[in-house]
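Report on one structure; see the data block that follows.
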Amino acid sequence: MPPNLSPPFACVNVGILWGQDSITSTAAAVVDILRAMNMLAAMRAADAPPPLRWHWLELPGEAGLHAPPIPGTDGLQGPLHVVVVPGWLVPTGPQLRDICDRHAAHFGPLLRSHVAGGGLVAALFNGSALLADCGLQAGRKVAVPWVFAPSIFMQAGDTGQGAAIGANWQRHQGWQRDGALWTTASLQETIAAMLDLLACTPLAELAQAASPVLRFDPERQLTAPAGMETPTGRPLVSGALEQARRWLQAHRSEPYSLQATARAASISPRTLLRWFAQEHGQTPQDYLHGLRVAQAQALLQTTYLTVEDVAQQCGYSDTGSFRKVFVRLCGVTPGAWRQRFRLRAKRKQWQGAGTPPAAAGR
């Protein structure tokens, strides 16, 4: 964790390398994550300063020659806490090595002192070649794009660390964290890796709140409010367990009935319990609790419903029972969870447009 920062709205400074061949989409995705987290922070405390600031790091002589995709925030206040290497759009390994050599000559001391001082680094796509050139990947687990792997390992070999690097190539991982370093094997892993990195700063709660919004979340997709769903026709015929799962999803706001779920799957209750445990590692009722809690999390984050109303909408007639289930699955009460991860403005921010209805969204 970066030093001298206090939650929840301490300023985290992010430096992003930028130049002629930098991958624009990756750099822009990083900034959009930071902007999204600043937006969530503003919704929670409108008068607080933005908790994240970003700055473009350019080679001497190149500054201003190639405009970054999004302007940086004004002025660097304090040290950098995170450095991002977005990677380079190049056709060959030799060109990648040439770019890394030039960047290592200027940014190498900064990166080495940054990591030694406890700073965090995200080397995205082939950006890990710069870390290898700076001798920062020795003995670490890394995710690298296969097409540039030989060049990256050759880069590490030039510093006498190739064997250690090669032994730790995580071929089956889209992204990898090892200590203070995050690496990715593809462009599409940028958001996941950056949110995981930011969750290791004092802004962890903001990163965790942004994650189900910016990334695909299967449970949130399944439990989205019915008013947001669009019928697409009859479902395909599926196995008994899938029929049971769909029944629980469609009837999650109704009282749980093992017999009704088994009838929907055309099997006996005893067989359903055995098969469901083998496939999902839990009972149908525990699976239902998971669906209900996921729906409750979304309602707590995005509406002004009371905890009692949330419990009712999610199928719990007794609020006390809902609280117990929520604490068991989430580790905190519904009210505490809402306070930490809300995605909507406070009520007073709506006063200019009138009092919002109880179920109003953000």
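Values below: all heavy atoms of this structure, side chains included; hydrogens, waters and symmetry mates excluded.
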Inset, instruction - Verify, without hydrogens or angle tests, whether E308 (side chain) and T319 (backbone) share a donor-acceptor contact under 3.5 angstrom. - result: no

Inset, instruction - In sequence, state the C-alpha distance, the side-chain angles, and the governing distance for R274 and E279, and then conclude on salt bridge (charged side-chain N to carboxylate O under 4.0 Å, His left out). - result: CA-CA 9 Å; R274 184 175 70 254; E279 178 67 20; over 6 Å; no

Legend entry - H289: partners by ring-ring contact (aromatic ring centres under 6.0 Å, His included), with sequence neighbours left out: Y316

Legend entry - Test side-chain contact (heavy atoms from CB on, under 4.5 Å) applied to L272 and S268, step by step: CA-CA 6 Å; L272 173 62; S268 70; over 6 Å; no

Inset, instruction - Mind running salt bridge (charged side-chain N to carboxylate O under 4.0 Å, His left out) on K141 and D178 for me, showing each step along the way? - result: CA-CA 6 Å; K141 296 179 180 179; D178 190 323; over 6 Å; no

Legend entry - Non-hydrogen side-chain atoms of I16 and H55 separated by less than 4.5 Å: no

Legend entry - I33 CD1 to R215 CZ distance, which is reported to the nearest 0.5 Å: 10.0 Å

Legend entry - Heavy-atom side-chain contact between Q249 and L288 under 4.5 Å: no

Inset, instruction - Taking atom CD of E254 as the centre, report whether more than 12 heavy atoms of other residues, nucleotides or ligands fall under 6.0 Å from it. - result: yes

Inset, instruction - Return yes if some donor-acceptor pair links the side-chain N/O of T302 with the main-chain N/O of A298 below 3.5 Å, else return no. - result: yes

Legend entry - Member of V115, N13, L111 meeting the side-chain contact (heavy atoms from CB on, under 4.5 Å) criterion with V83: L111

Inset, instruction - Hey, can you tell me if H280 and F276 have their rings parallel, tilted or perpendicular (30° and 60° cut-offs)? - result: tilted

Legend entry - From NE2 (H81) to OG1 (T201), nearest 0.5 Å: 9.5 Å

Inset, instruction - Report yes if the side chains of E242 and R246 come closer than 4.5 Å at any heavy-atom pair, otherwise no. - result: yes

Inset, instruction - Compare all side-chain heavy atoms of W337 with those of V307 and state whether any distance is below 4.5 angstrom. - result: no

Inset, instruction - Locate the shortest heavy-atom distance separating C134 from A104; write the atom from each residue and the value. - result: SG-CB, 4.0 Å

Inset, instruction - Verify salt bridge (charged side-chain N to carboxylate O under 4.0 Å, His left out) between R102 and D98, making sure each step is shown before the conclusion. - result: CA-CA 6 Å; R102 288 189 289 111; D98 177 67; 3.7 Å; yes

Legend entry - Test of ring centre spacing under 6.0 Å for W88 and H103: yes

Inset, instruction - Report yes if the side chains of W275 and P284 come closer than 4.5 Å at any heavy-atom pair, otherwise no. - result: no

Inset, instruction - Would you please test T303 and D309 for side-chain contact (heavy atoms from CB on, under 4.5 Å) and show each step? - result: CA-CA 11 Å; T303 75; D309 288 338; over 6 Å; no

Inset, instruction - Would you confirm whether R342, through its side chain, and R44, through its main-chain N or O, come within 3.5 Å as a donor-acceptor pair? - result: yes

Inset, instruction - Consider only side-chain N and O atoms of Q95 and T92, and report whether a donor and an acceptor are under 3.5 Å apart. - result: yes

Inset, instruction - Please round to the nearest 0.5 Å and tell me the distance separating atom CG of L52 and atom CG of L198. - result: 6.0 Å

Inset, instruction - Quick one: do Q297 and R338 satisfy side-chain contact (heavy atoms from CB on, under 4.5 Å)? Show the steps, please. - result: CA-CA 8 Å; Q297 289 176 330; R338 163 177 272 170; over 6 Å; no

Legend entry - Rounded distance (nearest 0.5 Å) linking atom CD1 of I152 with atom CZ of R97: 11.0 Å

Legend entry - Under 3.5 Å donor-acceptor, E205 side chain and L203 backbone: no

Legend entry - V327-V293 co-clustered via ILVMFWY side chain contacts under 4.5 Å: no

Legend entry - Side-chain heavy atoms of S253 within contact of Q313, under 4.5 Å: no

Inset, instruction - Can you measure from CG (L124) to OG (S25) and round to the nearest 0.5 angstrom? - result: 10.0 Å

Legend entry - Taking every non-hydrogen atom, the tightest pair across F326 and V332: CD2-O, 3.2 Å

Inset, instruction - List the steps, then state whether side-chain contact (heavy atoms from CB on, under 4.5 Å) holds for L17 with V84. - result: CA-CA 6 Å; L17 269 65; V84 179; over 6 Å; no

Inset, instruction - Decide whether F216 and W175 are clustered together by the hydrophobic rule: side chain heavy atoms of Ile, Leu, Val, Met, Phe, Trp, Tyr closer than 4.5 Å, transitively. - result: no

Legend entry - Residue pair Q301 / A209: nearest heavy atoms and the distance that separates them: NE2-O, 4.0 Å

Inset, instruction - Please answer: with hydrophobic residues joined when any side-chain heavy atoms are less than 4.5 Å apart, are M39 and M37 in the same cluster? - result: yes

Inset, instruction - Locate the shortest heavy-atom distance separating V144 from A149; write the atom from each residue and the value. - result: CG2-CB, 4.0 Å

Inset, instruction - Enter the distance from I70:CD1 to W18:CH2 here, rounded to the nearest 0.5 Å. - result: 10.0 Å

Inset, instruction - Would you mind reporting whether W182 and Q176 have side-chain heavy atoms less than 4.5 Å apart? - result: no

Inset, instruction - Could you pull out the closest heavy-atom pair between I267 and A240, with the gap in Å? - result: CG2-CB, 4.1 Å

Legend entry - Linked, directly or transitively: V213 and V30 (ILVMFWY side chains, under 4.5 Å): yes

Inset, instruction - Using a 4.5 Å cut-off on heavy atoms from C-beta on, say whether the side chain of S128 contacts that of Q137. - result: yes

Inset, instruction - Report the C-alpha separation of Q295 and R252 in whole Å, then their side-chain angles, then the decisive distance to 0.1 Å, and conclude whether the side chain to side chain donor-acceptor pair (under 3.5 Å) test is met. - result: CA-CA 10 Å; Q295 180 181 4; R252 62 183 179 273; 2.9 Å; yes

Legend entry - For the student: nearest non-hydrogen atoms of L34 and W54, plus distance: CD1-CB, 3.7 Å

Inset, instruction - Decide whether W146 and F125 are clustered together by the hydrophobic rule: side chain heavy atoms of Ile, Leu, Val, Met, Phe, Trp, Tyr closer than 4.5 Å, transitively. - result: yes

